Amino acid sequence: MKSGVMAILTASLLLASCASTHEAGPRKGPLVVAHRGGALLWPENTLPAFREAIAAGVDVLEFDMVLTADDRVLVSHDPDVNPQFCLSGPQGVAPGPVRAMTLAQAQDFDCGSRHRAIYPTQKPIPGTRMPSLEEVLEATRDSKVQYFAEMKMPKPQAADQVDPDLFAARVLAVIERYGVADRVILQSFDFRTLDAAHRLDPRIPTCLLGLQNESAVKILEQIRQHRASCVVLRRNQVDAADFATLKQAGVTVLSEVVDTAEEWQAYVGLGVDGLFTNDPVGAIEFLKQAGLRPQ
C-alpha cells in the first residue's frame, strides 16, 4: 500500500476512534476540537485549559508548539513571548523570541493573569505558565483525548530560525517517549515541518493549514504532495461539492475556528469531521441539543 494512502487511512482511523472517547454510543456529529484548549474559557495553551477541556468532554486538544534555545518543545502559540498577556516573572526575563530563550526562561512568564483582547470571556488563572510538550502529555495521557499539535515556525525574517528536521525530530521523540503516537496528528502552515516528520516517521498523520481559495482538485494535489491526510478549511473557500469530493477521497476535513451556533450549524451541514472552536463547552452543548451527541 502506498504511504500516502496509508497516511489517509491512519488519520481517518485516529479521528474515528474519538467516537467512543466520552460517549456511550457511536458519535453522530463532528468531533469537538478545543482550539488552544478552549481560549474563550481558559488561559490558552496551558495545563489548566487542557484539564478543563478534558473534563468538559472534548474529543481533541489542539495546541501550538515552538522550539526553545535549548531545543525543548514549548507549548505556545506565538514564536515570540506576547507581552499582551504574558507577564515577566521572578527572573525578570524580557519578552522576546522563544528560540532565544531556554525552557526555564520561557517558563518564567505568567500567561494566565491576562488574556488577548480577542478572548474577553477567558477566565484568569494567575501564575499559569507555558508548559513543555512533556508536561502536556504527562498531564493528559491517562485520558483518551486526541492531540492536534501544530508545529509553529518563526517568521521567515526572524533572526532565530529553526531547522524543520530538528523541530520534527524533537516533537516526535517526545511523542514516542510518552507512547501517544496513535493519538496525534501534526499540523502546520509550514509544510517543511510536515515533510520532515514524514521523513522521520512515514506513519505520522499530518494536516495542512493555510490553503487559500483552491479547488478540491488542487487541495488533493497538495495533500498527496505532502503525504497529508487532513486539511482545515473555511467554508467560503470551497463549496459543498468540493467538501464532498475531499471526503470521498478519504481526507479528514476540519472547520476553521468558529465559536457561534450559526457557524457550527453551517459546518455540520457541510459534513465536516471536526469543529475547531475556542468555546468547546458551547459546541458540545450545541451538538447535544441538535441530537448529534449523547446527552
Side-chain angles (χ1 to χ4, degrees), residues 1-18 31 33 60-68 71-77 79 99 132-134 136-137 141 145-156 161-212 214 216-233 245-254 273-274 276:
M1 183 179 290
K2 294 183 178 179
S3 59
V5 176
M6 177 62 78
I8 287 175
L9 292 175
T10 301
S12 297
L13 289 170
L14 171 66
L15 290 173
S17 71
C18 291
L31 302 169
V33 184
V60 186
L61 293 178
E62 191 272 349
F63 54 83
D64 309 277
M65 304 175 295
V66 294
L67 208 60
T68 65
D71 294 335
R72 298 289 297 280
V73 183
L74 181 74
V75 173
S76 170
H77 177 270
R99 184 59 172 155
S132 66
L133 179 58
E134 289 96 333
V136 171
L137 298 183
R141 64 174 171 175
V145 75
Q146 307 290 307
Y147 305 104
F148 199 51
E150 179 179 347
M151 292 186 285
K152 183 87 63 176
M153 294 284 279
K155 294 179 180 178
Q161 288 299 308
V162 172
D163 175 56
D165 290 276
L166 172 64
F167 195 177
R170 293 293 180 176
V171 168
L172 291 174
V174 176
I175 290 170
E176 182 66 24
R177 189 183 317 145
Y178 281 86
V180 295
D182 61 340
R183 293 163 56 185
V184 177
I185 290 182
L186 296 179
Q187 54 168 330
S188 189
F189 287 91
D190 191 323
F191 301 161
R192 295 177 301 165
T193 63
L194 305 182
D195 294 341
H198 279 297
R199 285 194 294 271
L200 293 166
D201 185 352
R203 304 165 299 171
I204 195 74
T206 58
C207 194
L208 304 185
L209 305 180
L211 296 182
Q212 299 292 327
E214 297 184 6
V217 171
K218 292 291 186 181
I219 292 170
L220 283 172
E221 287 177 0
Q222 292 266 38
I223 285 172
R224 288 162 182 155
Q225 178 184 346
H226 297 287
R227 293 181 290 171
S229 49
C230 165
V231 66
V232 174
L233 292 176
T245 297
L246 293 169
K247 294 292 293 296
Q248 288 167 5
V251 178
T252 297
V253 181
L254 304 181
D273 298 289
F276 243 133

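This structure is a prediction, so every number in the text was calculated from the model and none was measured. Along the sequence shown, residues are numbered consecutively beginning with 1.
Contact of the Cys230 side chain with the Leu254 side chain is registered, since non-hydrogen atoms from C-beta on lie closer than 4.5 Å. Taking the side chain as every heavy atom from C-beta outward, Leu246 and Leu233 approach each other to under 4.5 Å.
If you take CZ on Arg177 and CG on Leu137, they are separated by 9.5 Å, rounding to the nearest 0.5 Å. For the atom pair CD1 (Ile204) and CG (Asp182), the distance works out to 9.5 Å, reported to the nearest 0.5 Å. Rounded to the nearest 0.5 angstrom, Leu67 CG and Asp163 CG are separated by 9.5 Å. Put simply, CZ on Arg99 and CE on Met153 are 9.5 Å apart, with the number rounded to the nearest 0.5 Å. Distance check, rounded to the nearest 0.5 Å: CD of Glu62 to CD1 of Ile185 gives 12.0 Å. In this structure, the separation between CG on Leu208 and CD on Gln225 is 9.0 Å, given to the nearest 0.5 Å.
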Side chain to side chain contact (heavy atoms under 4.5 Å, CB included) between Lys247 and Val253: does it pass, once the steps are laid out? CA-CA 7 Å; Lys247 294 292 293 296; Val253 181; 4.1 Å; yes
Test side chain to side chain contact (heavy atoms under 4.5 Å, CB included) applied to Phe63 and Leu133, step by step: CA-CA 10 Å; Phe63 54 83; Leu133 179 58; 3.7 Å; yes
Intermediate values then yes/no, side chain to side chain contact (heavy atoms under 4.5 Å, CB included), Ile175 and Arg183: CA-CA 9 Å; Ile175 290 170; Arg183 293 163 56 185; over 6 Å; no
Mind running side chain to side chain contact (heavy atoms under 4.5 Å, CB included) on Cys207 and Thr252 for me, showing each step along the way? CA-CA 9 Å; Cys207 194; Thr252 297; over 6 Å; no
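Residues that satisfy the ring pair (Phe, Tyr, Trp, His ring centres under 6.0 Å) test with Phe276, not counting sequence neighbours, are His35, Phe148. In this structure, the ring pair (Phe, Tyr, Trp, His ring centres under 6.0 Å) partners of His226, at least two apart in sequence or on a different chain, are Phe191.
Shown here for Leu220 and Val251, the closest heavy-atom pair between the two residues is CD2-CG2, 3.7 Å. A pairwise comparison of heavy atoms in Ser229 and Ile223 identifies N-CG2, 4.3 Å as the closest pair. Of all heavy-atom pairs between Asp195 and Arg227, the closest is O-NH2, 4.1 Å. The two residues Ser76 and Val66 make their nearest non-hydrogen contact at O-CG1, 3.8 Å. In this structure, Ala197 and Ala168 approach most closely via the heavy-atom pair N-CB, 3.7 Å. Taking every heavy atom of both residues into account, Gln187 and Leu194 meet most closely at C-CD2, 3.9 Å.
With hydrogens and angles disregarded, a donor-acceptor distance shorter than 3.5 Å links the side chain of Ser188 to the backbone of Met151.
Ion pairing between a basic and an acidic side chain is recognised when a charged N comes within 4.0 Å of a carboxylate O; Asp165 and Arg170 show no such pairing.
Within 6.0 Å of CD on Glu221 lie more than 12 heavy atoms contributed by other residues, nucleotides or ligands.
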